[in-house]
There are 2 protein chains.
Amino acid sequence: MESKYAKQFKKGILEIIILKLLSKKEMYGYQIVSEMEERGNVFNLREGTLYPILYRLEDDGMIESRWEQSASRNVPRKYYAITPSGKDLLKEATEQWLEFAYTVEKVLKD
Amino acid sequence: MESKYAKQFKKGILEIIILKLLSKKEMYGYQIVSEMEERGNVFNLREGTLYPILYRLEDDGMIESRWEQSASRNVPRKYYAITPSGKDLLKEATEQWLEFAYTVEKVLKD
DNA sequence: CCATATACTTGGTTATACAAAGTATTATAT
DNA sequence: ATATAATACTTTGTATAACCAAGTATATGG
């Protein structure tokens with residue numbers, strides 16, 4: 001079970017983590033969840049959390065999607081890729097987070 | 001104006017910051033806001049945010065309060081002090097946050 | 001006497017993460 | 001053949017926390 005704080009800490013940052021992953025390579029939703037699980041799933045990311053984030057990011061033009069329907073595998077996949085706006089946002093949000101985290105650390109370690 | 005992310009990043013951590021401040025010395029609510037402002041108010045803490053946090057922490061037994069009514073100054077102050085449970089929580093939550101922040105940093109800097 | 005500072009309180013809004021369930025197809029095992 | 005699990009996306013309702021705005025009340029300075 002996840003602590004009360006662990007859940008709250010993720011607010012806002014999950015979106016940036018997703019953007020970061022998509023800046024490396026395009027991925028489909030289920031793949032993101034699966035790869036996170038393989039890495040130990042430190043963020044405890046589930047589908048019900050991920051997909052709304054993807055829709056938000058797409059509505060805001062930070063990522064774009066395309067359906068891929070292959071002949072051999074009839075379950076279609078929706079691939080997401082980061083856009084230039086998304087890259088800008090990722091850069092800015094990363095800076096914001098690092099500064100925020102640094103400030104918090106300073107206070108907590110005082 | 002504060003960015004959309006800045007607000008979200010605070011979720012969960014403000015409570016711990018308040019606990020940290022109260023672990024140094026007992027303080028009353030307005031004083032916390034004032035001292036934060038003096039330090040540049042990096043967390044942009046306002047009364048409407050602080051007091052609910054204080055009530056929550058008190059309900060959970062992490063801090064305790066006493067009213068101080070002085071003769072010279074008729075506006076009473078409610079002083080808050082951290083409890084032993086509060087100290088335990090502070091310690092645990094600090095560790096949780098530092099680990100979380102470290103993990104996020106690793107991903108974002110990858 | 002009116003504005004400002006001190007000090008605490010409350011109400012309603014918004015954002016985000018979450019659990020749970022649902023849809024549909026394909027692969028595997030019985 | 002049929003049940004089960006795995007793949008893949010979607011939706012609904014809930015909880016939590018931060019926020020703005022406003023309100024209460026006393027004290028002080030112009």
Side-chain angles (χ1 to χ4, degrees), chain A residues 1-19 27-38 41-60 65-80 93 100 104, chain B residues 1-19 27-38 41-60 65-80 93 100 104:
Chain A
M1 215 201 3
E2 220 178 358
S3 96
K4 173 194 147 198
Y5 285 123
K7 270 184 201 166
Q8 296 300 324
F9 292 164
K10 292 180 211 164
K11 298 276 165 91
I13 197 68
L14 278 186
E15 208 171 291
I16 303 169
I17 299 280
I18 306 306
L19 264 184
M27 294 173 92
Y28 57 94
Y30 199 80
Q31 182 186 16
I32 297 176
V33 174
S34 304
E35 291 201 7
M36 291 284 253
E37 262 167 15
E38 278 168 30
N41 203 10
V42 273
F43 296 107
N44 204 31
L45 185 67
R46 312 292 185 76
E47 293 164 88
T49 302
L50 174 66
Y51 287 105
I53 292 178
L54 291 174
Y55 307 150
R56 252 178 6 238
L57 285 171
E58 188 170 27
D59 285 345
D60 293 347
S65 65
R66 59 177 181 84
W67 280 101
E68 190 172 288
Q69 180 85 257
S70 84
S72 62
R73 196 197 53 257
N74 269 338
V75 182
R77 291 169 170 172
K78 200 169 173 184
Y79 275 89
Y80 290 93
F100 178 80
V104 171
Chain B
M1 221 209 348
E2 220 178 358
S3 96
K4 174 193 147 199
Y5 286 123
K7 273 183 198 167
Q8 297 299 325
F9 292 165
K10 292 180 212 165
K11 298 277 164 94
I13 197 67
L14 278 186
E15 207 171 292
I16 303 167
I17 299 279
I18 305 304
L19 264 184
M27 292 172 95
Y28 56 95
Y30 199 79
Q31 181 186 15
I32 297 176
V33 174
S34 305
E35 291 200 7
M36 292 283 253
E37 264 168 14
E38 278 168 30
N41 205 10
V42 272
F43 296 107
N44 204 30
L45 184 67
R46 311 293 183 76
E47 293 164 89
T49 302
L50 173 64
Y51 287 105
I53 292 178
L54 291 174
Y55 306 151
R56 255 183 356 243
L57 285 171
E58 188 170 26
D59 284 347
D60 294 346
S65 65
R66 60 177 180 83
W67 280 101
E68 191 172 286
Q69 181 83 258
S70 85
S72 60
R73 196 196 55 257
N74 269 337
V75 182
R77 291 168 168 171
K78 200 168 173 184
Y79 276 89
Y80 290 93
F100 177 81
V104 171

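The chains referred to below are lettered A, B, ... by the order of the sequence lines, with proteins before strands, and numbering in each begins at 1.
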How many whole angstroms separate atom [atom1] of [X] from atom [atom2] of [N]?
{"X": "R46(B)", "N": "dA7(C)", "atom1": "CZ", "atom2": "C1'", "value": "17 Å"}
{"X": "I53(A)", "N": "dT16(C)", "atom1": "CD1", "atom2": "P", "value": "9 Å"}
{"X": "F43(A)", "N": "dT16(C)", "atom1": "CZ", "atom2": "C1'", "value": "16 Å"}
{"X": "Y5(B)", "N": "dA18(D)", "atom1": "OH", "atom2": "P", "value": "18 Å"}
{"X": "D60(B)", "N": "dA17(D)", "atom1": "CG", "atom2": "C1'", "value": "13 Å"}
{"X": "L50(A)", "N": "dC18(C)", "atom1": "CG", "atom2": "P", "value": "11 Å"}
{"X": "K4(B)", "N": "dA18(D)", "atom1": "NZ", "atom2": "P", "value": "18 Å"}

Checklist outcome for this item: Rounded to the nearest 0.5 Å, the OH atom of Y80(B) sits from the CD1 atom of I18(B) at a distance of 11.5 Å

Next on the checklist: Going by salt bridge (charged side-chain N to carboxylate O under 4.0 Å, His left out), name the residues that satisfy it together with E37(A), two or more places apart in sequence or in a different chain.
Outcome noted: none

Next on the checklist: Between F43(B) and T49(B), is the side chain to side chain contact (heavy atoms under 4.5 Å, CB included) condition met? List the steps.
Outcome noted: CA-CA 11 Å; F43(B) 296 107; T49(B) 302; over 6 Å; no

Item to check | DNA chain D-proximal residues of residues 7-17 of chain B, any heavy atom under 4.0 Å | outcome: K7(B), K10(B), K11(B), G12(B), L14(B)

Checklist entry - How does protein contact run along nucleotides 3-10 of chain D, one letter per nucleotide 5' to 3', with B for base contact, S for sugar-phosphate only, - for none, heavy atoms under 4.0 Å? => result ----BBBB

Checklist entry - Do E15(A) and Y5(B) have side-chain atoms, one donor and one acceptor, less than 3.5 Å apart? => result yes

